[in-house]
Every structure is written in C-alpha cells, then in structure tokens.
Amino acid sequence: LNSQEKIALTGIKPSGKPHIGNYLGMIQPALALADSYRAYYFIADYHALTTYKDRAILQRHIYEVAATWLALGLDPKQVVFFRQSDIPEVFELAWVLACWAPKGLLNRAHAYKAAVQANLESDRELDDGIHAGLYNYPLLMAADILLFGTHVVPVGQDQKQHIEIARDIASAFNHRHGKILSVPEALIGDETNVVPGIDGRKMSKTYQNTIPVFDEPAAIRKQVMRIVTDAKSPREPKDPDRCNVFAIYRHFADQTAVERRLRDYRNGGLAYSDIKQELAQILEDRFAPQRSIYESLLADRTAIDLVLAQGAVQARSLAKPLMAKVRRAIGIDK
Ligand code: TRP
C-alpha cells in the first residue's frame with residue numbers, strides 16, 4: 001500500500017476549549033497528515049463519559065470540539081469526521097476484544113495504575129472509586145482503532161501505551177483467526193512542537209497555564225502578557241532558547257520576524273513587553289477568522305450535525321464489513 005491508501009485514524013476526546021498547545025501539537029499535524037492518508041478522525045464522546053457525568057457539560061464539549069476542528073480547517077470532504085457514538089459496531093467489537101484481552105494487560109494501563117496508586121497512597125482500598133469504564137477504556141480505544149483497518153494513529157506520547165494494547169490484542173486475535181485485524185502503528189507527535197504554558201511548564205488545562213485559541217483578543221493578550229520571563233532589562237542580551245515567549249513566538253511569527261527577533265535576543269535591545277505585545281497581535285490576527293467561524297458553528301449547530309451525520313455513514317460503510325468478518329471468524333455468524 002502506498003500511503004494514499006493507508007488509513008490514519010485518531011480519536012479526539014471532547015474536553016473543553018482548545019489551546020495553542022493542542023493546536024500545534026495535535027490539530028495542525030493531524031490536518032497535515034490528511035494530505036497523505038485516508039483520514040478518519042472522530043469525537044470520542046463515549047470515552048469522555050468516563051470523565052463527564054453532567055449531561056450539559058458533555059453536550060457542550062462535544063459541539064465545542066467539533067466546531068474547533070471544523071473552524072481550524074478540517075475539510076469534511078477530505079477527512080471522514082464522525083462521532084464514536086454513531087458507530088454501534090465499535091461497542092460490539094469492544095466486547096469481542098474484551099474476550100481476547102488478558103485482564104493483566106488492563107491492570108498495567110497507566111491511567112488505571114495511577115488511580116490505584118493514588119488510592120494506596122491515601123490508605124484507601126485498591127479499587128476505591130474506580131469504575132469499570134476507566135478500567136475498560138483501553139478496550140474501547142482498541143475497538144475504535146481496529147474496526148477501521150487503521151494503519152497509523154497520530155497521537156501524543158501519552159497515548160502510546162494505548163496503541164500498544166490495541167496491537168497486542170489484534171495480534172492475539174489474528175494469531176487464532178488469521179489476518180483479520182490490521183495491526184496499527186502509533187505516529188507520535190514531534191516533541192519540538194510542544195509549547196510551554198505561560199508559567200513555563202508544558203501547556204496543559206490541568207496546570208491552568210494555557211492560551212486558548214478562540215478566546216476574545218483581550219483575554220488572549222492578558223494571558224500573553226502574563227508569560228513568565230526572567231528579569232533581564234531590555235539592554236541585556238538574552239537566550240531565546242530559554243525564553244517562554246520566544247518558544248511560542250517562533251511557531252506563529254513569519255521567518256523574517258523570527259530572525260530579526262533572534263538577533264534582538266542575542267545582541268540585546270529587546271523588551272519582553274514588546275515581543276509579548278507583538279505575539280498577542282500575531283495570535284489575534286492569525287485566529288480571528290477561525291474564531292468567527294467557530295462562533296457561528298456553535299450558534300447554529302445544524303451544520304455540525306450534518307457533517308457528523310455524513311461522516312457516520314462513511315465510517316460505518318468501512319466498519320460494517322470488518323465487523324461482519326469478525327462475527328464470522330469467531331462463530332457468531334455462519
Ligand atoms: N484516548 C485518547 C485521548 O485521550 C482519545 C481516543 C479515543 C483515541 N479513542 C481513540 C485516540 C482512538 C486515538 C485512537 O486523547
């Protein structure tokens with residue numbers, strides 16, 4: 001197969017406002033990948049149920065994430081964009097895979113282990129407060145991936161183990177039944193695209209150090225102005241490689257501006273407040289058109305519903321024949 005025929009699939013957990021770290025680390029690379037693969041990108045809404053128990057919050061997150069990807073350039077003619085919950089075969093396959101997955105494989109999953117660890121450290125029982133949804137999360141994810149004959153899965157480093165679990169289960173199944181499931185490869189994002197948050201740690205919702213892509217310009221500017229720097233005066237030479245402002249700036253400014261600013265850093269003569277103002281302006285200009293698309297998509301959700309409904313039809317046309325093969329292989333069907 002050349003890559004044009006290979007399938008790239010990834011799941012997007014609906015979890016609130018995207019920030020520029022998500023954009024650079026995940027959204028932009030996934031959209032670029034769609035030029036060279038058959039891309040299937042879906043909203044992992046049932047995975048989000050492990051986290052969100054409030055119906056209004058889950059609904060809002062689902063539409064926000066759909067609007068985000070569409071506004072940032074996902075072209076539904078190029079990418080099959082759908083909701084996991086629209087594909088019943090996912091849940092059917094998840095059960096089949098459960099019967100092929102050693103329980104120990106799930107015991108070793110990072111998220112489950114971390115929850116157990118937290119319990120043990122607080123003198124609670126091992127599985128206290130842990131529901132089977134969290135425990136089975138990797139199984140549902142394996143079903144997402146294997147149902148579509150996926151070749152590559154673009155994900156962050158934190159998802160690597162999940163892909164390995166899917167590979168293990170697929171291999172065990174194939175070993176018994178012949179090559180029915182394709183064994184996927186993880187395509188791990190380039191760490192050079194990781195940007196620091198405003199406090200210098202990795203940009204992450206958990207740290208509350210993000211610059212959201214679609215916030216009002218004034219709110220974005222406020223965040224940019226708060227980016228932590230050292231206390232050097234404008235005159236002093238500075239190290240751009242150790243500056244949180246520059247680490248973000250270099251991804252968004254054009255090449256000549258980046259080179260000019262690099263000289264300012266090294267030779268002295270750069271005020272942090274200046275480059276911050278410039279960065280805020282660049283972000284505002286860059287995302288203003290997308291922000292208005294984002295807002296209109298959310299104001300009238302029918303356009304989103306239509307895209308996702310069409311995506312579901314396309315995705316199911318791939319899923320159904322594979323599920324039929326699996327049913328025959330295991331002896332459910334004649
Ligand atoms: N677990 C992924 C995350 O938290 C989301 C996800 C669900 C996913 N199903 C997937 C990613 C299938 C890749 C493939 O980001």
Side-chain angles (χ1 to χ4, degrees), residues 6-19 21-31 33-34 37-52 58 61-62 64-66 68-69 74 79-94 97-98 101 106 109-115 133-170 181-189 193-194 202-206 308 311-312 315 318-319 322:
K6 287 191 180 171
I7 292 178
L9 171 139
T10 199
I12 307 150
K13 223 160 103 168
S15 57
K17 288 194 213 168
H19 53 72
N22 301 136
Y23 175 69
L24 291 171
M26 162 82 179
I27 302 177
Q28 203 182 38
L31 293 178
L33 200 67
Y37 285 86
R38 288 169 59 195
Y40 285 74
Y41 298 162
F42 67 93
I43 300 172
D45 46 7
Y46 264 120
H47 272 117
L49 191 61
T50 62
T51 321
Y52 303 111
L58 184 57
H61 284 341
I62 289 168
E64 277 176 357
V65 82
T68 296
W69 282 70
L74 184 150
V79 175
V80 178
F81 190 42
F82 63 102
R83 281 170 73 156
Q84 179 186 42
S85 58
D86 280 334
I87 316 296
E89 289 79 9
V90 167
F91 309 92
E92 187 177 358
L93 183 60
L97 299 180
L106 302 182
H110 297 320
Y112 173 67
K113 269 176 58 178
L134 174 79
Y135 188 73
N136 288 315
Y137 187 109
L139 281 180
L140 185 57
M141 185 156 159
D144 291 334
I145 297 169
L146 301 176
L147 184 61
F148 297 94
T150 303
H151 300 98
V152 297
V153 189
V155 282
Q157 182 66 37
D158 63 323
Q159 296 297 312
K160 194 165 175 238
Q161 189 194 32
H162 285 146
I163 315 299
E164 276 156 16
I165 292 174
R167 290 170 59 91
D168 282 357
I169 301 175
L181 302 174
S182 101
V183 181
E185 300 279 345
L187 217 61
I188 304 293
N193 264 351
V194 172
K202 184 184 170 192
M203 189 176 287
S204 161
K205 239 161 269 162
T206 341
L308 295 173
L318 199 61
L322 194 114

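As a basis for the values below, the full set of heavy atoms in this structure was taken, side chains included, without hydrogen atoms, waters or symmetry mates. Given the structure is predicted, the values throughout are model-derived calculations rather than measurements. Note that ligands are numbered from 1 as they come in the structure, with each ligand's atoms numbered from 1 the same way. The first residue of the sequence shown is numbered 1, and numbering continues consecutively from there.
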Starting from the N and O atoms of ligand 1, collect every protein N/O partner closer than 3.5 Å and put each pair on its own line with the distance to 0.1 Å.
residue, atom, partner, partner atom, Å
ligand 1, 1 (N), Tyr137, OH, 2.6
ligand 1, 1 (N), Gln159, OE1, 2.9
ligand 1, 4 (O), Tyr137, OH, 3.2
ligand 1, 4 (O), Gln159, NE2, 3.3
ligand 1, 9 (N), Asp144, OD2, 2.7

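- To the nearest 0.5 Å, the span separating NZ on Lys6 from CG on Leu33 amounts to 11.5 Å.
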Mind listing the side-chain donor-acceptor pairs of residues 137-154 below 3.5 Å, one per line with the distance, residues two or more places apart or on another chain?
residue, atom, partner, partner atom, Å
Asp144, OD1, Gln84, NE2, 2.9
Asp144, OD2, Gln84, NE2, 3.2
Thr150, OG1, Ile145, O, 2.7
His151, ND1, Ile7, N, 2.8

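- Centroid-to-centroid, the aromatic rings of Tyr41 and Phe82 stay 6.0 Å apart or farther.
- Here the CG atom belonging to Leu31 is positioned 9.0 Å from the CE atom belonging to Met26, to the nearest 0.5 angstrom.
- Nearest heavy-atom pair across His19 and Met203 is ND1-SD, 3.4 Å.
- Put simply, CD1 on Ile43 and OG on Ser85 are 8.5 Å apart, with the number rounded to the nearest 0.5 Å.
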